[in-house]
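One structure below.
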Number of protein chains: 2
Amino acid sequence: MRSDCPLNYALELFGDKWSLLIIRDMVFFNKRYYHEFLLSEEKISTNVLANRLLTLEKNGFVKKEKSLDHKQKIIYSLTEKGIDLVPIIIEIGLWSDKYGDHIPPHKKDFILKEIRVNKTNGIQTLKKELHTAHNVQKNTDKHSD
Amino acid sequence: MRSDCPLNYALELFGDKWSLLIIRDMVFFNKRYYHEFLLSEEKISTNVLANRLLTLEKNGFVKKEKSLDHKQKIIYSLTEKGIDLVPIIIEIGLWSDKYGDHIPPHKKDFILKEIRVNKTNGIQTLKKELHTAHNVQKNTDKHSD
DNA sequence: CCGCATCCCTATAGATACTG
DNA sequence: CAGTATCTATAGGGATGCGG
């Protein structure tokens, strides 16, 4: 660690170019499988994805388990610590909404929709949803590539 | 750009290990001079600092001007776009407050104090302060190294 | 198939010494 | 003072291999 500043602490844990995108995929697009993350439009490469998932797990943001039906499949899900990154993602989304003039409006929907939900129900609703997400199979929202 | 996701957009602009720390130094510790940034406890090196300040300026987060009294000195200050990163920093601070158990409590003060100010007066107060910061010489808060 | 691991190569980040 | 120059280290892309 470079310092014990709280901001620096966070940046060293998830302040890279990929971690929050993986969290985004899990929270907003219900992705849970390795190959699903590979399909995102940022085109993460396999070695980087494997490395990020490992360090995210090591640092307690993500947990791994084997699928009950297909035992060769691995399910990634968020811990509470990981879900608690959502308010940060939302603030970033608000900032991008203000300054990312070139961003197609429909691309902002997933995050702006979450802001509305968050304002009325709070992040608790999201936590409940995500904590059951690996038990109950949900219709996976299409990630609009 | 890897994609036009709003989150990715933001990450490509300031999602590195240094940019937000420089913003932190400007917002919370009133730093404005090149050498002041070098003194921060994370020990940024000169080339990285120069590079970050340049790209932060290019991307409209920071503006440069020459000091009126000492013309060889360059003053860095935040634009509105840069100040609007504060809510993001605050959310990160809240997260670190929850999960950074080992962080010395007094290290959290600068950000928790800002949260209180933000909740009562909002970020507007901060904006007014910072917009006059390069005109009115303020007692520079010591960055607690 | 699925989830990586490995290898190779390039690009960017960063430490240190030095300069206009 | 505010950076460059130079060199080194790490991150990352792409292809491929490999165990379960």
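Letters A, B, ... are given to chains in the order of the sequence lines, protein chains preceding strands, and every chain is numbered from 1.
For A/Glu42 and D/dG12, the CD to P distance is 14 Å, given to the nearest whole Å. Residue A/Leu53 contributes atom CG, which lies 16 Å from atom P of C/dC2 at whole-angstrom precision. Between the P atom of C/dT12 and the CZ atom of B/Arg2 lies a distance of 13 Å, rounded to the nearest Å. C/dC1 atom C1' lies 14 Å from atom OH of A/Tyr33, rounded to whole Å. Counting to the nearest Å, the P atom of D/dG12 and the CG atom of A/Leu54 are 15 Å from each other. Computed from coordinates, the A/Glu12 CD to D/dT10 P distance equals 14 Å when rounded to whole Å. Rounded to an integer number of Å, the gap from CG of A/Leu49 to P of C/dA5 is 11 Å. Taking atom CG on A/Leu38 and atom C1' on D/dG14, their separation rounds to 13 Å, with Å as the unit.
The nucleotide whose nearest atom lies closest to any side-chain atom of A/Trp18 is, among D/dG12, C/dA5, D/dA2, D/dG12. Comparing C/dT16, D/dA2, D/dG14 by their closest approach to the side chain of B/Asn47 singles out C/dT16. Listed nucleotides: D/dG3, D/dA2, C/dA5. Nearest to the side chain of A/Thr46: C/dA5. The side chain of B/Arg52 lies closest to C/dA13 when the candidates are C/dT6, D/dA2, C/dA13. If you check C/dC2, D/dG13, C/dG14 against the side chain of A/Gln72, the one that comes closest is C/dC2. The B/Tyr34 side chain lies nearest to D/dG3 when the options are D/dG14, D/dA15, D/dG3. Of the candidate nucleotides C/dG14, C/dG3, D/dG3, D/dG3 has the atom nearest to the side chain of B/Ala50.
Between the side chain of B/Lys66 and the main chain of B/Ile75, no donor-acceptor pair closer than 3.5 Å is present.
Looking at heavy-atom distances under 4.0 Å, B/Lys66 makes no contact with the nucleic acid at all.
A/Leu11 CG to B/Lys17 NZ: the interatomic distance, rounded to the nearest 0.5 Å, is 7.0 Å.
Aromatic ring centroids of B/Tyr76 and B/Tyr34 lie 6.0 Å or more apart. Aromatic ring centres of A/Phe14 and B/Trp95: separated by under 6.0 Å.
For A/Lys64 and B/Asp16, each mapped to the nucleotide of DNA chain C holding its nearest heavy atom, the one lying further toward the 5' end belongs to A/Lys64.
Salt bridge status for A/Arg24 with A/Glu114: absent, with no side-chain N to carboxylate O gap under 4.0 Å.
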